[in-house]
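Source: prediction; values computed, not measured. All chains are named by letter (A, B, ...) in the order of the sequence lines, taking the proteins before the strands, and each is independently numbered beginning at 1.
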Amino acid sequence: MDLLSTRKLDAYYGDSQVLFGVDFEIERGEIAALVGANGAGKSTLLKTVCGLLRAPREAVRFAGEPIGGLAPGRIVRRGIALVPEGRRLFPSLSAEENLMMGGYVKRAGPWKLDSVYRLFPRLQQRRAHPAASLSGGEQQMVAIGRALMSNPQLLICDELSLGLAPVVVKEIYQALEQVCRDGVTAVIVEQDVAVAQRVSRRLYCMQEGRITLHGLSSELTRERISRAYFGV
Amino acid sequence: MTAAFTVSRATRASRIGGAVAAVLVLWLSTFPWWADPGWMREFEEMSCYLIFALMWNLLAGYGGMVSIGQQAFVGLGGYALLVLGNHLHVNPFLAVPLAMVATLALAVPVSFIAFRLQGGYFAIGTWVIAEVFRISIANISTVGGGSGTSLTALRGISRSTREAATFWLCLAGATAAVAAVYGFLRSREGLALLALRDSETAAESQGVDVTRTKRAVYLIAAAGAGLAGALYFLGNLRISPDAAFTVNWSAFAIFIVVVGGVGTLEGTLVGVALFYLLNKLFSDYGTWYLVGLGLLAVVVTLKFPAGLWGFVSRRFDLHFFPVHRRLIPPERDRACAT
Amino acid sequence: MLSFLDTLVQGVLLGGLYALFALGQSLLFGVMRLTNTAHGDFIILSAFVAWSLAVVTGSPWLALIVLLPLAFAGGYLLQRLVLNGTIGKDPMRSLVVTFGLAIVIQNVLQQIYTADPRSIDSGGLNTATFQLAEGFSIGALPLLIFAAALALTVGLQLLFDRTDLGRAFRAVSDDREAAELMGLDHRHVYALATGIAFLVVAFAGTLHGMKTTVSATDGPSLLLYAFEAVIIGGMGSFYGTLVGGMLLGVTQDIGFRIDPGWGIWTGHVVFLGALLLRPSGLFPRTR
């Protein structure tokens with residue numbers, strides 16, 4: 001059974017439509033990747049799922065219940081956490097305080113400060129530093145840790161690799177795969193198609209607000225993906 | 001297909017409006033020969049509020065600089081008139097434009113202090129500056145100290161000459177203020193200002209000098225407030241620091257602009273008219289009248305942010321003073337579109 | 001020498017009162033960048049309500065105890081029902097709404113309490129003094145006010161730095177949308193901040209009303225003092241606000257002693273000078 005699904009989801013910025021009948025599904029325990037050019041609607045889809053943009057109630061279902069258009073706070077309480085594009089840490093809060101903010105909703109589960117520090121040992125030494133003074137990779141770790149602190153069933157990661165060195169990207173994705181082995185389901189948005197295909201089990205390609213291709217990552221050829229990606 | 005669109009700023013309403021305004025000004029200018037002095041006095045007061053509110057709207061509504069301290073320049077204009085007339089023996093009517101220039105000159109150094117602050121801090125910081133001027137003048141006994149003084153320069157001028165000249169000056173000042181704000185908004189600098197209002201960063205990247213543009217607006221608004229002050233106290237014959245630098249000037253301007261419609265010229269005109277009516281009908285109720293004005297400003301801001309005029313103009317697409325350029329599609333396209 | 005010391009001490013004590021005026025505004029600046037132009041009027045409003053409660057209960061302290069929950073509820077509801085709708089990038093809406101409220105409060109107070117100044121009966125506390133030397137004494141009430149300002153400053157700073165609520169305040173201030181994603185409701189968080197700010201306002205109003213006479217139209221000058229203390233101290237630090245209040249108090253007191261007509265003027269001018277020299281205040285938020 002699907003953990004998250006959208007059915008004919010439309011979304012708008014003001015008067016202009018940016019998503020057109022998007023059908024998106026992810027099963028419990030898998031990693032799904034969402035690829036597409038800038039402006040294809042990936043972030044919009046994530047924002048709609050997280051409640052930052054309005055949607056009809058039935059158009060988004062999570063764990064069997066309709067959640068479209070609920071306030072972001074209520075969606076977090078149901079178990080969806082977002083690692084937003086650009087990380088969006090609280091710059092004046094320390095690394096640890098950022099993590100604690102993630103635990104604001106106090107959902108039960110395995111993720112606490114210790115378990116985040118076990119996942120990202122580097123953060124333990126940097127716990128008292130203001131988030132703004134951390135390196136890009138450390139900030140991304142805080143952002144993932146902060147999302148995990150709400151003990152989500154579904155972790156949504158928007159552009160984890162943005163602005164990071166390849167070696168750091170690798171470290172971060174290894175951590176993510178470990179998290180998912182422990183039972184968290186994940187959606188990743190990724191510019192780097194090779195990375196997306198390697199990490200995910202299922203892959204969706206978006207273009208101009210529509211899903212143009214989807215299937216099991218292992219069965220899709222690079223040629224089909226780039227055709228769906230660039231529309232050529 | 002090329003050059004099929006034309007750019008237009010005029011609307012039918014604006015052409016009619018221009019003609020009506022011209023006739024209205026001509027008609028008003030005959031007042032001194034036949035109208036009741038009481039009406040003239042009321043008109044003079046309202047033109048001072050109009051000038052001041054227009055300038056406040058330019059500063060806050062278009063320039064994004066919400067100030068609660070523009071009364072500083074009303075007071076400076078009034079006291080400049082007093083010093084020029086009483087102490088330097090300049091003809092008091094000639095002293096009005098000179099007082100405006102003096103206010104403008106004083107506003108230059110003031111702007112360097114005020115521009116240290118932004119947003120809400122700017123609003124209250126400018127109020128502090130106005131208080132500094134008020135207390136300074138209240139402590140200078142040659143201009144009457146705390147209790148103020150009379151405009152003795154007007155002695156020896158016959159009552160009818162004085163009333164007529166004051167009236168014409170007010171009419172000219174109000175007309176000039178409307179024309180100046182309208183002209184400014186349609187100029188290159190005005191376009192820069194409108195761009196600034198939408199996004200400072202974007203405007204800056206397009207080559208708009210943000211501080212320069214804002215300072216220009218601030219100085220124009222200060223000069224206008226100085227003119228309003230000089231005119232007001234010319235008609236009032238008497239000036240005191242408490243009356244000249246009272247925050248009520250800002251309060252009334254905020255009411256007029258917000259209730260009329262922020263960021264439109266028509267809104268300020270509508271606002272002044274409404275303010276006049278409410279004042280006429282309810283000012284006898286004293287404190288309750290002021291409570292009503294305050295509540296009205298709050299409710300309009302929360303529920304009708306575009307103000308009275310914004311509501312009307314959106315409903316009927318009316319623009320008497322259009323400052324925007326609009327694209328007019330060629331005839332053929334227009335036929336297809338509809 | 002003694003008179004210099006006297007000026008300094010009286011100025012610092014006066015500064016305690018100004019800090020008390022300013023702390024609530026400092027909190028609102030810190031959490032939501034809100035400039036409440038009715039801040040002074042809310043202090044005066046609490047002074048009058050405390051006056052009425054003191055008449056009923058017979059004690060200014062009982063009045064304060066009754067006033068505190070009312071103030072918190074009033075602040076919470078004001079934010080929730082009115083001010084939350086005005087917060088945004090454009091400062092116009094919040095400035096106009098609070099300015100409108102200021103006019104409403106001033107005139108309603110004048111209608112109810114007339115224009116006469118009045119003072120809360122402190123049971124003789126306002127005249128009690130400690131004689132330290134010949135011609136140098138400290139008033140008991142100013143000392144108490146200073147102690148209250150100090151305690152509230154430390155309390156607010158600890159609340160801000162060390163508690164879950166303080167962390168939520170800072171998070172919402174840093175990035176409102178990201179805080180929403182953590183499950184915070186910014187409208188509720190803002191309203192709690194205003195509720196707490198109004199607790200400080202209730203203290204300030206009651207103590208101010210005990211120390212001196214208040215009248216319905218005093219609010220704007222209190223707003224200006226509060227604002228000056230916040231800016232001199234640097235936005236986002238309560239300790240800065242306390243120091244800013246004390247500097248303002250000392251400056252005004254020096255001015256008053258030179259010429260009573262120029263006391264407040266001196267405070268304003270030193271504020272403007274500080275603005276030119278240190279536009280971000282003495283203790284800017286560096287984190």
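Aromatic ring pairs are classed by plane angle as parallel below 30°, tilted from 30° to 60° and perpendicular above 60°; the pair C/F99 and B/W127 is perpendicular.
Taking chain C as the reference chain and counting heavy-atom pairs below 4.5 Å, the highest number among B/V298, B/V128, B/V291 is found for B/V128. Taking B/L296, B/L117, B/V300 one by one and counting their heavy-atom pairs under 4.5 Å with chain C, the maximum is reached by B/L117. Most heavy-atom pairs under 4.5 Å with chain C, from the set B/I129, B/V132, B/I254: that is B/V132. Between chain C and the residues B/G119, B/S136, B/G125, B/G286, the most heavy-atom pairs under 4.5 angstrom are made by B/S136. Residue with the most contacts toward chain C among B/I113, B/I135, B/I124, B/L290: B/I124 (heavy-atom pairs, distance under 4.5 Å). Options C/V108, C/V96, C/I103, C/L223 differ in how many heavy-atom pairs under 4.5 Å they form with chain B, and the most are formed by C/V96. By number of non-hydrogen pairs under 4.5 angstrom with chain B, the leading residue of C/N107, C/T37, C/V104 is C/N107.
Proximity to chain B (any heavy atom under 4.5 Å) is restricted, for C/L95, to the side chain, taken from C-beta onward. Only the side chain of B/V262 comes within contact range of chain C, with at least one heavy atom under 4.5 Å from a heavy atom of that chain. Contacts between C/L276 and chain B at a heavy-atom distance below 4.5 Å involve backbone atoms as well as side-chain atoms. Residue contact with chain B, scored on non-hydrogen atoms closer than 4.5 Å, is absent for C/Q106. Neither the backbone nor the side chain of C/V230 comes within contact range of chain B; no heavy atoms are under 4.5 Å apart.
Closest of all the heavy-atom pairs between C/P91 and B/G120 is CB-N, 4.2 Å. The two atoms that bring C/R93 and B/P305 nearest to each other are NH1-CB, 3.5 Å, heavy atoms only.
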